[in-house]
Amino acid sequence: MLHFIAFEPGIEMTRLVDTSGMHRFIADLPALSARVAVLAAIWWVLTGGETSSWDWGVPAVLVAASLRPGLGSGGAWRLSLMGLLRFLPAFVWYNMRGALEVAILALDPRRHPDPVLIGYPLRLPPGPARVFMANLINLVPGTLSTRLTVRGIEIHVLTASVSVTRTLTILERRVADLFALQLAPGAVGDSQP
Amino acid sequence: MTAAALLTPWLLLALLLWPRSRRLGLALAAWAALPALLLALMPGAIPPLNLGPLGFEADAFGRAFLLFSALIWWLAGLFAASWMRGRSDRLPFTAAWLTTLGGSVGLLLAQDLLSLYVCFAVASLAAWGLVLAGEDARRSRSAARLYLSLMAIAEVALLTGIAAAATVESLDFGSLNASGAGGLALTAFALGFAIKLGVLGVHLWLPPAHAAAPLPASAVLSAVLVKAGLFGWLRLLPADPTGLEAWAAALVLLGLAAVFYGALMGVTRDHPKQVLAFSTVSQVGLLLVAVALGSLDDGTVALLAGHHALAKAAAFLGLGVLATASGGLRSAALLGLAATALVLIGAPFTSGAVAKSILETGLHGGGWADAFTVALTFSATATTLLMLRFAVLALGYATTRTLTAGLWLPWTLLLIAMLLAPWWLPDARGLASFSLGQVWPVLLGLAIGYGAMRLDLPRPRPAGIVSPALGRLTRLRLSRIAHIERWLLRWTNVGRMLLLLSLGMLGLLFLGA
Amino acid sequence: MIMMAGTVLIVLGLLFFLSGTVGLLRFPDVFTRLHALSKADTLALGLVCAGLALHADDGALQLKLLLIWLLVIVSGATCSSLIARAALAHGIRPWQR
Amino acid sequence: MDLPSTAVLVVVLVTLPLAAATLLFASGRQPRTLTLAAALLLTVAALALGWNVHIEGVSVHRIGGWAAPLGIHWQVTPSGTVMLLATALVGLAGAVYGAGYFLHRAGPEGRMARVFMPLWLFAWGGLNALFVAADLFNLYVALEVMTLASVALVALSARRMALQAAMRYLLAGLFGSVIYLLGVALLYGQYGVLDFDALATMLDPDDPGSRAGAVALTVGLLAKAAIFPLHFWLPGAHGRAEPPVSALLSGLVVAAAFYLMLRLWFGPLAGMLNFGAGTLLGVLGAGALLWGGVLALLQRRLKMLVAYSTVSQFGFAMLVFPLAVSGNRAPVLAGGTLLLANHALAKAALFLAAGTLVRASGSERIGQLVGFSGRARWAWLAVILASAALIGLPPTLGFSAKWLLLQAAVTEGAWWWLAVMLGGTLLTFAYLGRLLELALLDAAPGPSPPPVLTPALLAPALLLALLACVTGLWAFDFELDGKALARLEPGS
Amino acid sequence: MTVFYLAGALFLLGNVAVALARVLRGPTAADRMLSGELMGTTAVAVLLLLYGATGIEALLDVALVFAILAAMAVVTFVRRTWPEDPVDDNGGETP
Amino acid sequence: MHPVEVTFDALLLFSMVVLAWQGVHARNMFRAVVSFMMFGLLTAVAWVRLEAPDIALAEASLGAGLTGALLLATLGRLGPERRGPRRRRAMKLSMLPWLALGLVGTTVLLAVTLSLPAPGLGEAVLAAMPAAGVDSPVTAVLLNFRAWDTLLEIGVMLLAVIALWSLGQDVLASTSRLPAPALPALVRVLFPLFVLSTFYLLWRGGHGPGGAFPAGALLAAGLVLALLAGARVPERMRGAPLRWAVGGGLFAFLIVAVGGMWAAGAFFAYPPQHASILIAIVEIAAGLSIGVMLTALFLGGEPTEVRRGRT
Amino acid sequence: MSLPPGTLFLLASALLFAIGTHGLVTCRHLLRKVLALNVATTGVFLLLVTLGRSGTTVDPVPHAMVLTGIVVALSTTAVALGLIVRLERRRP
């Protein structure tokens, strides 16, 4: 019944065209099973671990795992578990620091923001990792991503006096680590847009 | 037979709807009243007819009215077939004609209040189409509008009367009469029939409508439909007048006033048909007096009505013949018209004289008799003046039509019927008698008329009062009404109304006992 | 003890909410306000969630709170970018001292 | 006679339109046979139901087998049956007319043709659901189905004026619904039931909650029924919509709201109708009667005239309330119901004929309509017959209805209301007479070549008008019987 | 404890009430949208605290729904109310 | 009631009233819409305070989802509000009586509502619950005791879709260039969660707050989000399949309802042994259909147009 | 607090109803009218649910009614918005 949004069983890792349905399905199997696992976990969380819920849960998870919103794949990606473990503490730390900074800036009547727009050339390859990075920038101290361009990312910085480049570089490395990617070699440093 | 009389007009009407059968329908339309005439002439009892809740039967009283009505319908129909030939609106005219006829026959046969009312409504409203078919479009439209307005009021009044009367068990005339239905019913009936009858005060529709309608239509309007009002009145009003003396007095006064008012207005008109129309107002006044005094039996009233109907129809049709005739035929037509005028006046040796004598004799003993006798006498003078005026105008009345047998033959038959009518009377007394009392009023009228013509007296022209004032009033209010409506359509005001309404209703629920 | 910690976390979260609001009111333009919102409020919610999780004793429930927080973070981060970008595209220049 | 049971018929009446509409919508095409078969089936079911009610009288059906006050009931009352019958007749006529009216398969007309029937059936279903409902909240939902379908139908042509009218109508309808719902809430708060019968037994006419609830219900329905001075949405909506739509709207949808008011005030709220409130409603009716009549008299466009005549006619119907205050309610209710039925048939006929005439004339101005000639004569015939029914000339259904009301007024000595009724009838005479006069005398030649008027454009109006005229006699008989009156309504 | 949660919720509500000033003041649509966002996040927190106070598990579901829909308003805003380059669309219109 | 609770309610309701006023009268239209959306959020909290989590769930899934999306999308399609020279409506003296009347009306309404005893049907529902086939009272009322209302309500929704589609093709769906890759990325992450939560709420509906309507609303939000992120209604889904998805809920409902006529002897009666499974079927069909219908409402017209390729 | 339970909610519902109806009739822009209508509807819903809470047990019937009402309100609102958009495009 729910065929409203294109049903795309093919997932991103295999963009091999013209493979038969079965082939594609088999090729997709690992990613699909990963999705099923994650969604099943979420189902478990949602239902509070009630066992009787699984006669609804199984079809629900399968449907949710196989239905795609018809937006294309967005590029292949794979997460690295170790990368995740290394990433999380950094994220929490940065997030807290960012929030604290903003809070102090807001609550201290003597301090005022001194914002500026800067450009930051991304070394991450185009794809999900870049998007992830751009979103992440919003959560870390003093930065707000405004535009993702081909070359890099345009960032609104809350306090111009503080250099954010170092933080961003560290963050970028963590993200690369998380996505199991290699960073492209490139200049590191501030550059005004 | 009853069924044939009732339904023939409707069948012919149905024929008109389809192009294929239309010619047949138009051709037969003139003869549509023939079954009714046969029914009226048929001897012996005729079984009643029931159509759902409507009951019809040709009883004696109905038959008396049906006799002259059907005759006039038939002859006027024949006349109309020729008169309307070539007219573009012949089809709607014929349709209206047949509908009116259908109603008219039905109302004379109706055996209960509902049928009477239904048929009356059909006849009166369909006659609107007859008035509309007049030659002068503008004139007939305004006449028709006035006609319809008053007929609407009449219908509403009758409906009220019926509703009031129907609080009794059944709608049969008998039980209705016996119950002596309440004052409201009486008033409403009186008003309704008064309008249809053209009683003074609510006669407004009558002169313009008669003047505007085509001649045959005027003939049936004046001869048949107005009499139908009388018929309805007689059918419904309580047979026993006790307790209604005041009413009767008022009606007598009203009737007497109408006699002279009609004459006065008639002589000031410029159109022969209008003069005839006012003469109808005048004659109706006379009939009204007769009815109000209540000393005449139904048969006699039918007789009087029939007499007047035949004469009036003959006058209208004769006008048409006169206008189309030339040469010797014109003289013949003048002669016929003169005879008709004499009958209407009630000159000696005419059926009119008989009618008058019947009236007079019927009234002996009543408290009003003396006054009535005097009035009757002078009414002859008034009618004479009217006829003089009519004669003058008729001579100048012209039309582009040519005389055909279809015009003169019906008229001649009608004349004959009119002239022969007295011999059917139970006793033709008065016909042979001759008294000065019959003559001098006529002579007086002739003298006055002659004098007036010689002196070329300025004729008073009563200006219309009601309708111009109404027109001004409506024009004044039109823009205002549209303005208010726009105000009402605005949301803000909707809100206000709603608030007022809610609080008002709540308050009334609390307060209202 | 754990209850105490949870309470403290919640209070902290409330304070961060307050700071977010103050930032929203005090900061001069939409971009700076976005900073306040995207950082302070997400963390504030995180703290409230964490505090409640400490008060709760049911694993699934704690994870549910985490899920809620994650959802808000993901949405919040994306939305901040979207708004900033839209504002720039509509010709709103960042405020400068 | 072995007819299906009333319960089955009711189920058919309320579900078939919805099912057929869904099917039509989902199929996306416009199979005329399916449409007309559904319409025909509905009409047959309504007729069968009418027969059953005639034989068995009032019946009650529990939905889902749950007893009130928990569950919802259907109540098949004689007055509701009359409305169901009228709905079926108008519905069938409109369906046939619509099939003939939206001819082209492409362009905007094609779109209208495709959408018309599902919406029509939805409205039909909503109406049927409303006429059998006996539950305050269920009525709210049914009202919304009806309103929404009507709004969409008004907007059908998607012209600016139509959209504007539809928007205003939608807002007005929803406004009415909200106020109605407020009333439901108040009554529920007072008694904790929604069922009519339960409410009727529990009603305490003296407490403020019930009073306020009754007022809210009434005022909401007044807005929905476009009773003066809340008629602000009606002329536009009815005047601008496509002709078959106007027929449905004017004939049935407004009548449904009004019927609901009858149902309430002669049913559960009957104990509350006192002199003050009755008089207020009557005054509104008098205002509507006169104001609508005068405005109808002033209109220059045919459909606007007919639309304002609706305002006026419902004013007439409002007079049942003051008449019912002290007197015998059964005949008044019968009169009111018959008036609604008459109005449904006659007004629908009038609108359908008006649509045909406008198409034949190429103009909506009254002065430019073609005359009583060609095939347009059938339309005129329908206009004449429908006018007779609206005026209440004998022997039409309108006459029977007005007769009952007049009689009630007379027996109660309600002279003022009598005068209002008479005045209103005169006004009706006036504006319909004006229409006929103008149209027949100033008949325009019409465009050449004359547009083709198929039987589908002519027959429905004529048949409806004929029905309005013919059924009057029967209804009259029926009423005079007295036996029908006695069992007309369970509440009274 | 209940009172603590309620007080927290009350505090947040007051917080939001104050933030309403931003809706009133604007100046740009984006600013107004921001306070809508704040409101969404705060509502999640309020619901969570109310859950703490009442223990009705359904409140978590409500909060979850709020959380999952948090992006909805902004996305519509960015894509529909304030699109960067409105593709002209007389498309979607029958002639 | 604890004073804190009372204060909370007071503040909540006060904010609601202020927002409602703003939502109607704010000078700037966008401000009005945002205020109204915030009003919706607070309403959801108010439902929570009124111990009506079902309604809160529905209100949340709508207020935060589709209502806002609809309003904002509409707003984007409107030109600037045309108002003449700004009428500073000074408080005219002639307004005073109306104001006073309005106050009287409101006061009367309040006074009346305060006087209502509100007996309710709570006990009756509880007594009938064992026969209902579900555990959640609200679901039982919706799908059992007053199922006819619910069917008509689905009918209203379908009708709304037909009505909107009858006006022409989709007006709200046409899109601008995608602002950032972040948006599709977000939707890709969220979409499965939307689907999952839809099922979750359907499942919950059987024994607690949840059910077809919030589930459908959530599903619709997911679909709308996908549309906003650049997804299209696939070509092969336009036309009949989509129409069937839209109409399917009502159809299923009708079949079950009429089926009750044969199976259990009354319209909408469920045979006792199958009640819960039938209700579950109805619930799923209704939930999915509601989701599709709400999305269709968002589209604002029939998606027939062939558009440019994906961005 | 001496106020009966629900007083505040009833007050708010009365106010919302008043604001909504007032806005509906006074505002000129159609979108505002639609919003106002929704406000008024919410007021009525609030009243219903508040009443459902006054008894000894929570009465689920008003809850169901309000759920139905919300759906109806949403559907009608969507239609209204569609009409507004189309009217806007046919602006003369």
Side-chain angles (χ1 to χ4, degrees), chain E residues 2-4 6-7 9-10 13-14 16-17 20 23-24 26 28-29 32-33 35-36 39-40 42-43 46-47 50-51 53-54 56-59 61-95, chain F residues 2 4-5 7-8 11-12 15 18-19 22 28 30-31 34-35 37-38 41-42 44-45 48 51 53-54 56-57 60-61 64-65 68-69 72-73 75-76 168-177 179 183 186 190 193-194 197 201 204 208-210 214 218 221 224-225 228-229 301 305 307:
Chain E
T2 311
V3 176
F4 166 71
L6 280 172
L10 177 61
L13 204 58
V16 170
L20 285 185
V23 182
L24 304 189
T28 66
R32 301 207 158 99
M33 207 60 228
S35 31
M39 178 76 106
T42 313
V46 167
L47 286 168
L50 284 181
Y51 161 71
T54 59
I56 302 174
E57 275 208 45
L59 297 196
D61 293 337
V62 181
L64 186 84
V65 167
F66 267 137
I68 203 170
L69 291 172
M72 199 69 190
V74 171
V75 172
T76 328
F77 169 70
V78 168
R79 297 282 282 143
R80 289 287 181 276
T81 320
W82 235 34
E84 286 174 31
D85 58 332
V87 174
D88 177 55
D89 22 39
N90 50 8
E93 201 53 45
T94 44
Chain F
H2 196 276
V4 178
E5 275 185 278
T7 323
F8 181 86
L11 187 56
L12 176 71
S15 312
V18 170
L19 280 171
Q22 280 294 318
N28 172 310
F30 184 76
R31 187 166 111 193
V34 170
S35 301
M37 288 165 63
M38 293 166 99
L41 293 187
L42 287 189
V45 179
V48 168
E51 298 166 74
D54 296 85
L57 211 52
S61 54
L72 287 172
L75 202 57
Q169 291 165 2
D170 43 353
V171 280
L172 295 181
S174 54
T175 53
S176 58
R177 195 159 52 81
L183 184 52
L186 174 74
L190 286 185
L193 289 178
F194 271 107
S197 339
L201 287 181
R204 283 288 289 174
L218 212 54
V224 168
L225 208 57
L228 289 172
E305 202 187 356
R307 294 173 191 287

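Below, chains carry the letters A, B, ... as their sequence lines are ordered, and counting in each starts from 1. Computed over heavy atoms, backbone and side chain alike; hydrogens, waters and symmetry mates excluded.
For Leu20(E), the part lying under 4.5 angstrom from a heavy atom of chain F is the side chain only. Looking at Leu47(E), only its side chain comes within 4.5 Å of chain F, counting heavy atoms on both sides. When heavy atoms are compared at a cutoff of 4.5 Å, Met37(F) approaches chain E solely by way of its side chain, counted from C-beta outward. For Leu59(E), the part sitting under 4.5 Å from any heavy atom of chain F is the side chain, from C-beta outward, and nothing else. Looking at Leu218(F), only its side chain comes within 4.5 Å of chain E, counting heavy atoms on both sides. Using a 4.5 Å cut-off between heavy atoms, Ser197(F) contacts chain E through its side chain alone, with no backbone atom that close.
Here the side chains of Val65(E) and Pro214(F) are not in contact, with every heavy-atom distance at 4.5 Å or above. In this structure, the side chains of Thr54(E) and Glu51(F) stay at 4.5 Å or more apart for every pair of heavy atoms. Side-chain contact check for Leu72(F) versus Arg80(E): every heavy-atom pair is 4.5 Å or farther apart. Contact check for Leu69(E) versus Phe194(F): side-chain heavy atoms found under the 4.5 Å cut-off.
A search for ring pair (Phe, Tyr, Trp, His ring centres under 6.0 Å) contacts involving Phe66(E) returns nothing, not counting sequence neighbours. Considering only residues two or more places apart in sequence or on other chains, Ala9(E) meets the side chain to side chain contact (heavy atoms under 4.5 Å, CB included) condition with Val46(E), Leu49(E), Leu50(E), Phe8(F).
For the residue pair Met39(E) and Leu42(F), the shortest heavy atom distance occurs at CE-CG, 3.9 Å. For the residue pair Leu11(F) and Leu10(E), the shortest heavy atom distance occurs at CD2-CD1, 3.8 Å. The two residues Val62(E) and Ala60(F) come nearest to each other via the heavy atoms CG1-CB, 3.9 Å. Counting all heavy atoms, side chain and backbone alike, Val23(E) lies closest to Arg31(F) at O-CD, 3.2 Å. In this structure, Ala73(F) and Thr76(E) approach most closely via the heavy-atom pair N-CG2, 4.1 Å. Between Val4(F) and Ala7(E), the shortest heavy-atom contact is CG1-N, 3.7 Å.
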Apply side chain to side chain contact (heavy atoms under 4.5 Å, CB included) to the pair Ser15(F) and Val16(E), showing each step before the final yes or no. CA-CA 9 Å; Ser15(F) 312; Val16(E) 170; over 6 Å; no
Begin with the C-alpha distance, continue with both residues' side-chain angles, and end with the deciding distance and a verdict on side chain to side chain contact (heavy atoms under 4.5 Å, CB included) for Thr2(E) and His2(F). CA-CA 10 Å; Thr2(E) 311; His2(F) 196 276; over 6 Å; no
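With chain E as partner, the option from Pro53(F), Ala44(F), Ala64(F) having the largest number of non-hydrogen pairs under 4.5 angstrom is Ala64(F). Ranked by non-hydrogen atom pairs under 4.5 Å with chain E, the options Ala69(F), Pro209(F), Gly68(F) are led by Ala69(F). Interface check for chain F: of the options Leu6(E), Val75(E), Leu13(E), Ile56(E), the most heavy-atom pairs under 4.5 Å are formed by Leu13(E).
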